[in-house]
Amino acid sequence: MQQADLSYVRTEMLAPQPAPNRERGFGAWLRANLFASPIDTVLTLLGLFLVVWFVPNFLRWAFIDAVWSGPDRSVCATIPQGGIQPEGWSGACWAFVNAKFAQFMYGRYTFSERWRVDLTAIMFVLLMVPLLMPRAPYKGLNALLFFVVFPIVAFFLLVGGYFGLRYVPTSEWGGLLVTMVLSFVGIAISLPLGIILALGRRSKMPAIKLVCVIFIEVVRGVPLVTVLFMASVMLPLFMPAGVTFDRFLRALVGVSLFASAYMAEVVRGGLQAIPKGQYEGAESLGLSYWQKMILIVLPQALKLVIPGIVNTFIGLFKDTSLVYIIGMFDLLGIVRQNFTDAAWASAQTPMSGLVFAGAVFWIFCFGMSRYSIWMERRLDTGHRR
Amino acid sequence: MASNEVLRADTSARVSWMNDPKIRGIVFQIIVVAILAAAVYWIWGNTVDNLRRANISSGFGFLNRRSGFDVSQSLIDYTSDSSFRQALIVGLLNTVLVAVCGIITATIIGFLVGIGRLSGNWLIAKICMVYVELFRNIPPLLVIFFWYLGVLSVLPGPRDSISLPFSSYLNNRGFFLPKAIWGDGAWLITAALLIGIVAAFLVGRWAYRRRMQTGQPFPTLGVSLGCIIGLPLLVSLALGVPLTFEFPQKGTFNLSGGFQVKPEFLSLYLALSFYTASFIAEIVRAGILGVSRGQSEAAHALGLRARPTLRLVIVPQAMRIIIPPLTSQYLNLTKNSSLAVFVGYPDLVQIGQTTMNQTGQAIEVVAIWMVIYLGLSISTSAFMNWFNAKMALVER
């Protein structure tokens, strides 16, 4: 219209000016993120002090001053302590971990038979990795192999006594082997058992509900240590005379029952979060109770509580370290036991062994939690606002 | 034809009783109960047989017998001549002691770290994140061993104790603090403290009612603190401070006097606090993030400044999200205190284990554990449910 003739209205846009120097670059980032206010500055300085004090000291201890190999404790002890290191030396004794590494992995598993553990571990990894990758094909077959065939094969391989394999009693097992077997069996038992307990707790049948509530609440109310004591001291009392229970089996029973009670509560949370319409819809289609649960409710409920389920797995994995109390040597237990080895006792040994065990536990648990976060995002079918 | 079929479906007589869900449910329950009863009967019979063979008389009579073992740390008078009952009470008190200390410290660290993770300060947020991810993913037992074997047992011996401020010392036998010794009239100070707490409570209630009626604020926090701290302070000043300290003295082989915190307690307490704090931090973070942004925006729109917004709008709503999971963390800490048995801190489980070894009364000891831990769990969750109900949103 008229406005086209107005000469003082600009028709083209001005090029945007760069932000002021104060708002740009590294300096601005520092000001916004580290020195926004006086309190912030103090906090930053405190944090910086902590980092500067801790990180170089730790790096020096763990890498620069560390001893990587050696025949016995003398490499990890100072001269006054009867070693070769100068006085005031402080470094990690990785030589200890190095020398005991096989024990940390296998325990006292017969030396010539350790290939059986290795084979089991390789099978475990080969079957688990494709199962965890959503894009890998043949999921059904893979799951069947992993959850049905693998445990049977692993049982015969690890225990032996058949097919010309030598029998290796579980009292010789130890280290990471025990940790992994306990966790795997614990997870494989506690998930289905927990689902059944959760369904039982939500059941309309009063007797079933009561039994499930009592079991879940009693187990969740007491510490794992007492459950393990119970499994180790009372299970033999409950059995007829002459029936002996393997100690490893007792630990398995204790850990699995304990984890299943926690799992039941997690699954119950998922079941409660499913809207009533889903239950009613399934019923109106004429599905039976088990069809309704397996086809409609549980897939949705379990998906909702994946973080909780994985947290229970992580808890179980960490809790396997408590079987030390009933005389089983898991990874932490065998590291702890080796501190008393006179050939390696030094001031640095405990810390080095614990840092090693901690790193192994940490990698497994952190991996599990990251995988669950990733899976949760993947399975999120967009019901979020 | 269609109506005929509808009619037929209506007559339930056609449905065989085998397909009636009600009857099936009852039958199923009877079967389950029968199997359970049979299992319990079988276990009972086996247990009675086994106990008879091992010559163990069941029952709680052993509680009155002389225990014959010493306990390294006790809150009440205890000698090896005391009974098993007293030993177990000592254990229970030690469990409660470490749990209460741990809960307080874990809450403080947890809240600080949880808020720190949300801080706008990049460095602080990252440090807090590293802390949480580190401690959440290692077993608590490893943290206990870390403190006990890795840190406290490699400290120098008593002769070269590390001196700390306030005449306290740290060595491989524990942490030595000056011991407070109260003189005459100390009970008056305790009485003043109790009166102060009651007064603070009454003032708080009165101030709340007045604010509800008139809208006038009252500096409740300051006045309450004045009552709780100021009143005992005034009384003790009036009495001429009846308080002396016994300082730990460095001897040739050991420190004498003072108040000794044993390394067993210290490692368990530190480990439980640090481990649980990482979980509490995540709960606090989730709670604060759970308050929707609209709430703080609305508060700003009403003209509230940052601090009142935080105090009156964000924190009360965040607490509602935080409290239920916080309860279960407190319970977890209490249950994890049973890891004491690994370092020899005489808690309920450790003393129970010793009792079990000496008397062979496994079933009774396990029963005592279960009853006490269940009792602790139920009482903690009852208290927290009450607190939760008090904090919950009043919906109209």
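A, B, ... follow the sequence lines: proteins, then strands. Residue 1 opens every chain.
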Chain B interface, residue from [options] that has the most non-hydrogen pairs under 4.5 Å:
options                           : value
I325(A), V51(A), V227(A), I314(A) : I325(A)
F361(A), F339(A), F317(A)         : F361(A)
M230(A), M368(A), M239(A)         : M239(A)
V222(A), L46(A), L48(A)           : V222(A)

Query - By ring-ring contact (aromatic ring centres under 6.0 Å, His included) - contacts of F35(A) (at least two apart) - result: none

Query raised in the report: Quick one: what part of I124(B) sits under 4.5 Å from any heavy atom of chain A, side chain, backbone, both or neither?
Result: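 For I124(B), side-chain heavy atoms alone lie under 4.5 Å from chain A.
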
Query raised in the report: Relative to chain A, which segment of L36(B) carries a heavy atom at a distance below 4.5 Å: side chain, backbone, both, or neither?
Result: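 Contact with chain A involves the side chain of L36(B) alone.
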
At a heavy-atom separation under 4.5 Å, does [X] approach chain B through its side chain, its backbone, both, or neither?
X       : result
M234(A) : side chain
L322(A) : both
P236(A) : backbone
V211(A) : side chain

**Report entry** Working for side chain to side chain contact (heavy atoms under 4.5 Å, CB included), residues V349(B) and F229(A)
**Finding:** CA-CA 10 Å; V349(B) 174; F229(A) 262 125; 3.9 Å; yes

I'd like a table of all donor-acceptor pairs linking chain B to chain A (distance under 3.5 Å, no angle check), giving the atom names and the distance to one decimal.
residue: Q29(B); atom: OE1; partner: A207(A); partner atom: N; Å: 2.9
residue: N46(B); atom: ND2; partner: F238(A); partner atom: O; Å: 2.9
residue: N50(B); atom: ND2; partner: L237(A); partner atom: O; Å: 2.5
residue: N50(B); atom: ND2; partner: M239(A); partner atom: O; Å: 2.9
residue: N121(B); atom: ND2; partner: D40(A); partner atom: O; Å: 3.2
residue: N121(B); atom: ND2; partner: D40(A); partner atom: OD1; Å: 3.3
residue: N121(B); atom: ND2; partner: T44(A); partner atom: OG1; Å: 2.7
residue: W122(B); atom: N; partner: N33(A); partner atom: O; Å: 2.9
residue: E133(B); atom: O; partner: W362(A); partner atom: NE1; Å: 2.9
residue: E133(B); atom: OE2; partner: R370(A); partner atom: NH2; Å: 3.3
residue: R136(B); atom: O; partner: K318(A); partner atom: NZ; Å: 2.7
residue: Y275(B); atom: OH; partner: K318(A); partner atom: NZ; Å: 2.9
residue: K335(B); atom: NZ; partner: R220(A); partner atom: O; Å: 2.5
residue: K335(B); atom: NZ; partner: Y262(A); partner atom: OH; Å: 2.8
residue: S377(B); atom: OG; partner: G221(A); partner atom: O; Å: 3.1

Requested in this report: Measure across L50(A) and I127(B) and return the closest heavy-atom pair with its distance rounded to 0.1 Å.
Outcome: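 Answer, listing the atom of L50(A) first, then I127(B): CD2-CG2, 4.2 Å.
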
Query raised in the report: What is the minimum heavy-atom distance between L374(B) and G221(A), and which atoms define it?
Result: CD2-CA, 3.7 Å

**Report entry** Value rounded to 0.5 Å, distance of CG in L354(A) from CG in L149(B)
**Finding:**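 CG of L149(B) is found 6.0 Å from CG of L354(A).
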
Query raised in the report: How long is the gap from CZ on F366(A) to CD1 on I138(B), to the nearest 0.5 Å?
Result: 13.0 Å

Query - side-chain contact (heavy atoms from CB on, under 4.5 Å) against I321(B), all qualifying residues, sequence neighbours excluded - result: none

Requested in this report: Apply side-chain contact (heavy atoms from CB on, under 4.5 Å) to A62(A) and list each qualifying residue two or more places apart in sequence or on a separate chain.
Outcome: F58(A), W94(A)

Report task. Would you indicate whether the side-chain heavy atoms of V335(A) and F145(B) approach each other to under 4.5 Å? Result -> no

**Report entry** When V151(B), L134(B), L331(B), V365(B) are compared by non-hydrogen pairs under 4.5 Å with chain A, the top option
**Finding:**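 Ranked by heavy-atom pairs under 4.5 Å with chain A, first place is L134(B).
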
